[in-house]
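Computed from a predicted structure; not experimentally measured. Position 1 is the first residue of the sequence; numbering continues from there. Read the numbers this way: they start at 1 and go in the same order the structure lists the ligands and their atoms.
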Amino acid sequence: MGLLSILKKLKEKEKEVRLLMLGLDNAGKTTILKKFNGEDINEIAPTLGFNIKTLDHRGFKLNIWDVGGQKSLRSYWRNYFESTDGLIWVVDSADKRRLEDCKNELHSLLGEERLLGATLLVFANKQDLPGALKMEEIAQVLELDKIKMHHWQIVNCSAVTGENLLKGIDWLLDDISKRIFTLD
Ligand code: G3D
Ligand code: MG
(Lines give C-alpha, C1' and ligand atoms only; values in the text may rest on other atoms or scores of the structure.)
(Ligands and ions follow the chains in the order given, each with its own letter.)
Protein backbone atom coordinates (compact mmCIF):
# COMPACT_ATOMS: atom_id res chain seq x y z
CA MET A 1 0.00 0.00 0.00
CA GLY A 2 1.39 3.42 -0.94
CA LEU A 3 1.79 6.25 1.52
CA LEU A 4 -1.12 8.16 0.04
CA SER A 5 -3.44 5.20 0.51
CA ILE A 6 -2.34 4.80 4.11
CA LEU A 7 -2.95 8.47 4.80
CA LYS A 8 -6.36 8.22 3.18
CA LYS A 9 -7.21 5.21 5.30
CA LEU A 10 -6.20 6.99 8.48
CA LYS A 11 -8.30 10.00 7.56
CA GLU A 12 -11.20 7.78 6.65
CA LYS A 13 -11.24 6.26 10.09
CA GLU A 14 -11.62 9.58 11.77
CA LYS A 15 -13.54 11.27 8.99
CA GLU A 16 -12.01 14.47 10.16
CA VAL A 17 -12.33 17.48 7.91
CA ARG A 18 -10.61 20.80 8.29
CA LEU A 19 -12.48 23.79 6.96
CA LEU A 20 -11.11 27.30 6.79
CA MET A 21 -13.62 30.13 6.69
CA LEU A 22 -12.33 33.40 5.31
CA GLY A 23 -13.62 36.57 3.69
CA LEU A 24 -13.60 40.29 4.36
CA ASP A 25 -14.57 41.46 7.82
CA ASN A 26 -18.31 41.85 8.37
CA ALA A 27 -19.16 39.25 5.68
CA GLY A 28 -20.95 37.08 8.24
CA LYS A 29 -18.43 34.30 8.90
CA THR A 30 -18.93 34.11 12.64
CA THR A 31 -22.70 34.36 12.26
CA ILE A 32 -22.70 31.48 9.76
CA LEU A 33 -20.65 29.33 12.11
CA LYS A 34 -22.94 30.03 15.06
CA LYS A 35 -26.14 29.60 13.11
CA PHE A 36 -24.89 26.34 11.62
CA ASN A 37 -24.08 25.16 15.13
CA GLY A 38 -27.50 26.18 16.47
CA GLU A 39 -26.19 28.96 18.68
CA ASP A 40 -27.65 32.36 19.45
CA ILE A 41 -26.63 34.84 16.75
CA ASN A 42 -27.72 38.01 18.46
CA GLU A 43 -24.48 38.95 20.10
CA ILE A 44 -21.60 38.62 17.74
CA ALA A 45 -18.50 40.74 18.19
CA PRO A 46 -15.95 41.32 15.44
CA THR A 47 -13.41 38.48 15.36
CA LEU A 48 -10.02 39.83 16.34
CA GLY A 49 -8.18 36.52 16.29
CA PHE A 50 -10.00 33.35 15.37
CA ASN A 51 -12.72 30.99 16.53
CA ILE A 52 -12.42 27.28 16.09
CA LYS A 53 -15.40 25.03 16.35
CA THR A 54 -15.47 21.27 16.24
CA LEU A 55 -18.79 19.80 15.34
CA ASP A 56 -20.20 16.48 14.25
CA HIS A 57 -22.16 16.45 11.06
CA ARG A 58 -23.16 13.45 8.91
CA GLY A 59 -20.58 11.31 10.66
CA PHE A 60 -17.82 13.78 9.93
CA LYS A 61 -15.86 15.59 12.55
CA LEU A 62 -15.67 19.16 11.24
CA ASN A 63 -12.97 21.45 12.49
CA ILE A 64 -14.04 24.87 11.31
CA TRP A 65 -11.63 27.76 11.60
CA ASP A 66 -13.19 31.21 11.50
CA VAL A 67 -10.46 33.80 11.13
CA GLY A 68 -10.81 37.58 11.42
CA GLY A 69 -10.95 39.37 8.06
CA GLN A 70 -10.00 42.98 8.87
CA LYS A 71 -7.33 44.31 6.55
CA SER A 72 -4.77 44.38 9.35
CA LEU A 73 -5.39 40.70 10.09
CA ARG A 74 -5.26 39.31 6.56
CA SER A 75 -1.50 38.73 6.62
CA TYR A 76 -2.15 36.20 9.39
CA TRP A 77 -4.45 34.10 7.22
CA ARG A 78 -1.48 32.11 5.95
CA ASN A 79 -0.93 30.69 9.43
CA TYR A 80 -4.12 28.68 9.00
CA PHE A 81 -3.59 27.22 5.52
CA GLU A 82 -1.92 23.93 6.42
CA SER A 83 -3.99 20.78 5.88
CA THR A 84 -7.08 22.68 4.80
CA ASP A 85 -9.56 20.37 3.05
CA GLY A 86 -12.15 23.02 2.29
CA LEU A 87 -12.14 26.78 2.02
CA ILE A 88 -15.36 28.65 2.73
CA TRP A 89 -15.21 32.14 1.27
CA VAL A 90 -17.97 34.32 2.69
CA VAL A 91 -19.22 37.36 0.78
CA ASP A 92 -21.46 40.17 2.03
CA SER A 93 -23.72 40.31 -1.03
CA ALA A 94 -24.94 43.78 -0.07
CA ASP A 95 -21.48 45.33 0.23
CA LYS A 96 -21.03 46.36 -3.40
CA ARG A 97 -18.35 48.89 -2.56
CA ARG A 98 -15.92 46.22 -1.37
CA LEU A 99 -16.61 43.51 -3.94
CA GLU A 100 -13.51 44.39 -5.93
CA ASP A 101 -11.41 44.09 -2.77
CA CYS A 102 -13.20 40.83 -2.06
CA LYS A 103 -12.35 39.49 -5.53
CA ASN A 104 -8.68 40.41 -5.21
CA GLU A 105 -8.33 38.80 -1.80
CA LEU A 106 -10.00 35.62 -3.01
CA HIS A 107 -7.83 35.26 -6.08
CA SER A 108 -4.63 35.94 -4.18
CA LEU A 109 -5.67 33.26 -1.68
CA LEU A 110 -6.30 30.75 -4.45
CA GLY A 111 -2.78 31.31 -5.69
CA GLU A 112 -1.42 29.94 -2.41
CA GLU A 113 0.36 26.65 -2.92
CA ARG A 114 -0.74 25.22 0.42
CA LEU A 115 -4.39 25.69 -0.51
CA LEU A 116 -4.13 23.95 -3.88
CA GLY A 117 -5.79 20.79 -2.60
CA ALA A 118 -8.75 22.58 -1.06
CA THR A 119 -12.30 22.62 -2.38
CA LEU A 120 -13.84 26.11 -2.48
CA LEU A 121 -17.34 27.00 -1.34
CA VAL A 122 -18.38 30.62 -1.88
CA PHE A 123 -21.25 31.73 0.30
CA ALA A 124 -23.11 34.70 -1.22
CA ASN A 125 -24.36 35.69 2.23
CA LYS A 126 -26.93 38.25 3.46
CA GLN A 127 -29.44 37.38 0.74
CA ASP A 128 -32.16 38.50 3.16
CA LEU A 129 -31.07 42.13 2.70
CA PRO A 130 -33.05 44.04 0.06
CA GLY A 131 -29.94 45.44 -1.63
CA ALA A 132 -28.15 42.11 -1.95
CA LEU A 133 -26.69 41.19 -5.32
CA LYS A 134 -27.80 37.87 -6.72
CA MET A 135 -25.50 34.90 -6.62
CA GLU A 136 -24.95 35.06 -10.41
CA GLU A 137 -23.84 38.70 -10.16
CA ILE A 138 -21.48 37.88 -7.31
CA ALA A 139 -20.01 35.01 -9.33
CA GLN A 140 -19.42 37.37 -12.22
CA VAL A 141 -17.79 40.17 -10.22
CA LEU A 142 -15.59 37.67 -8.37
CA GLU A 143 -14.62 36.10 -11.72
CA LEU A 144 -15.24 32.61 -10.42
CA ASP A 145 -15.14 31.20 -13.94
CA LYS A 146 -11.40 31.90 -13.93
CA ILE A 147 -10.84 29.37 -11.17
CA LYS A 148 -9.31 26.28 -12.75
CA MET A 149 -7.23 24.71 -10.00
CA HIS A 150 -9.94 24.17 -7.40
CA HIS A 151 -13.32 22.52 -7.34
CA TRP A 152 -15.71 25.35 -6.54
CA GLN A 153 -19.36 26.17 -6.05
CA ILE A 154 -21.26 29.30 -5.11
CA VAL A 155 -24.34 29.10 -2.91
CA ASN A 156 -26.64 31.99 -1.97
CA CYS A 157 -27.44 32.05 1.71
CA SER A 158 -28.43 34.01 4.75
CA ALA A 159 -26.79 33.44 8.10
CA VAL A 160 -29.72 35.21 9.77
CA THR A 161 -32.46 32.98 8.37
CA GLY A 162 -30.18 29.98 7.97
CA GLU A 163 -31.23 29.57 4.34
CA ASN A 164 -28.95 27.26 2.35
CA LEU A 165 -26.21 26.96 4.98
CA LEU A 166 -26.71 23.21 5.06
CA LYS A 167 -26.86 23.01 1.28
CA GLY A 168 -23.48 24.71 0.98
CA ILE A 169 -21.75 22.70 3.69
CA ASP A 170 -23.16 19.46 2.33
CA TRP A 171 -21.90 20.19 -1.18
CA LEU A 172 -18.49 20.95 0.31
CA LEU A 173 -18.42 17.73 2.31
CA ASP A 174 -19.53 15.68 -0.68
CA ASP A 175 -16.75 17.09 -2.80
CA ILE A 176 -14.13 16.67 -0.10
CA SER A 177 -15.13 13.13 0.74
CA LYS A 178 -14.98 12.13 -2.91
CA ARG A 179 -11.42 13.35 -2.98
CA ILE A 180 -9.98 12.22 0.33
CA PHE A 181 -12.05 9.41 1.73
CA THR A 182 -12.20 7.30 -1.38
CA LEU A 183 -9.68 4.53 -1.82
CA ASP A 184 -8.98 3.24 -5.26
P1 G3D B 1 -17.54 38.36 10.18
O2 G3D B 1 -17.34 37.28 11.19
O3 G3D B 1 -17.41 37.87 8.78
O4 G3D B 1 -16.69 39.56 10.41
P5 G3D B 1 -20.06 38.71 11.52
O6 G3D B 1 -19.06 38.87 10.28
O7 G3D B 1 -20.54 37.31 11.61
O8 G3D B 1 -19.45 39.31 12.73
O9 G3D B 1 -21.29 39.59 11.01
C10 G3D B 1 -21.16 40.97 10.74
C11 G3D B 1 -22.51 41.63 10.77
O12 G3D B 1 -23.32 41.13 9.68
C13 G3D B 1 -23.34 41.36 12.02
O14 G3D B 1 -24.15 42.49 12.25
C15 G3D B 1 -24.23 40.22 11.61
O16 G3D B 1 -25.42 40.16 12.35
C17 G3D B 1 -24.53 40.59 10.19
N18 G3D B 1 -24.89 39.45 9.35
C19 G3D B 1 -24.20 38.30 9.19
N20 G3D B 1 -24.84 37.49 8.34
C21 G3D B 1 -25.97 38.13 7.94
C22 G3D B 1 -27.04 37.79 7.05
O23 G3D B 1 -27.11 36.74 6.43
N24 G3D B 1 -28.02 38.74 6.91
C25 G3D B 1 -27.99 39.93 7.57
N26 G3D B 1 -29.00 40.77 7.37
N27 G3D B 1 -27.00 40.26 8.41
C28 G3D B 1 -26.00 39.38 8.59
P29 G3D B 1 -23.83 43.62 13.36
O30 G3D B 1 -24.98 44.52 13.24
O31 G3D B 1 -23.76 42.88 14.67
O32 G3D B 1 -22.53 44.22 12.96
MG1 MG C 1 -16.07 37.17 12.77
Engineer: Does atom NE2 of His151 have more than 12 heavy-atom neighbours from other groups under 6.0 Å away?
Structural biologist: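 Counting other residues, nucleotides and ligands, NE2 of His151 stays at 12 neighbours or fewer.
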
Engineer: Does ligand 1 have any atom sitting under 4.0 Å from a heavy atom of Ala27?
Structural biologist: yes

Engineer: Please collect all side-chain hydrogen bond (donor to acceptor under 3.5 Å, both in side chains) contacts where either partner lies in residues 131-141, sequence neighbours excluded, each pair once.
Structural biologist: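 For residues 131-141: none.
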
Engineer: Does Glu112 come within less than 4.0 Å of Arg78, counting only side-chain N to carboxylate O?
Structural biologist: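 No, Glu112 and Arg78 are not salt-bridged.
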
Engineer: Checking side chain to side chain contact (heavy atoms under 4.5 Å, CB included) for the pair Met21/Ile64: CA distance, chi angles, key distance, verdict?
Structural biologist: CA-CA 7 Å; Met21 188 150 57; Ile64 310 184; 4.3 Å; yes

Engineer: For atom 17 (C) of ligand 1, which of the options Gln70, Lys126, Glu43 provides the nearest non-hydrogen atom?
Structural biologist: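 Heavy atom nearest to atom 17 (C) of ligand 1 belongs to Lys126.
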
Engineer: Indicate, with yes or no, if Leu120 and Ile154 share a hydrophobic cluster defined by side-chain heavy-atom contacts under 4.5 Å among Ile, Leu, Val, Met, Phe, Trp and Tyr.
Structural biologist: yes

Engineer: Are Lys53 and Glu39 close enough for a salt bridge, meaning some N to O gap below 4.0 Å?
Structural biologist: yes

Engineer: Heavy atom under 4.0 Å from ligand 1: found in Asp128's side chain, backbone, both, or neither?
Structural biologist: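 Under 4.0 Å from ligand 1, Asp128 contributes side-chain atoms alone.
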
Engineer: If we count only non-hydrogen protein atoms and require a distance under 4.0 Å, does atom 29 (P) of ligand 1 qualify as touching the protein?
Structural biologist: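 No, there is none.
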
Engineer: With a heavy-atom distance limit of 4.0 Å, tell me whether Leu129 approaches ligand 1 through its side chain, its backbone, both, or neither.
Structural biologist: side chain

Engineer: Quick check for you: within a radius under 2.8 Å, how many protein N, O or S atoms neighbour the Mg ion (ligand 2)?
Structural biologist: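 Number of qualifying protein atoms: 2.
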
Engineer: My question is simple, although I want it checked carefully: is atom 26 (N) of ligand 1 less than 4.0 angstrom from any protein heavy atom?
Structural biologist: yes

Engineer: Just to be sure I read this right, does ligand 1 sit under 4.0 Å from the backbone of Thr30, its side chain, both, or neither, counting only heavy atoms?
Structural biologist: both

Engineer: Asn125 to ligand 1: N or O pair under 3.5 Å?
Structural biologist: yes

Engineer: Would you say atom 12 (O) of ligand 1 makes contact with the protein, given that contact here means a non-hydrogen protein atom less than 4.0 Å away?
Structural biologist: yes

Engineer: So, are Asp170 and Arg58 salt-bridged, with charged N and O less than 4.0 Å apart?
Structural biologist: yes

Engineer: As a quick check of understanding, evaluate side chain to side chain donor-acceptor pair (under 3.5 Å) for Arg179 and Thr119, giving each step before the final call.
Structural biologist: CA-CA 9 Å; Arg179 288 192 296 105; Thr119 301; 2.8 Å; yes

Engineer: Step by step, would you call Lys178 with Asp175 a salt bridge (charged side-chain N to carboxylate O under 4.0 Å, His left out)?
Structural biologist: CA-CA 5 Å; Lys178 269 185 226 143; Asp175 188 81; 5.3 Å; no

Engineer: Taking salt bridge (charged side-chain N to carboxylate O under 4.0 Å, His left out) as the cut-off, I'd like each qualifying pair that reaches into residues 66-76, sequence neighbours left out, listed once.
Structural biologist: Asp25-Arg74, Arg74-Asp101, Arg74-Glu105

Engineer: Taking only heavy atoms of Asp25, which atoms of ligand 1 are found under 4.0 Å from at least one of them?
Structural biologist: 4 (O)

Engineer: Using distance alone, determine whether Ala45 and ligand 1 share an N or O pair under 3.5 Å.
Structural biologist: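 Min N/O separation from ligand 1 is not below 3.5 Å for Ala45.
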
Engineer: Taking salt bridge (charged side-chain N to carboxylate O under 4.0 Å, His left out) as the definition, give me every residue that meets it alongside Glu113, ordered by chain and number, with sequence neighbours left out.
Structural biologist: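 Residues passing salt bridge (charged side-chain N to carboxylate O under 4.0 Å, His left out) with Glu113: none at all.
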
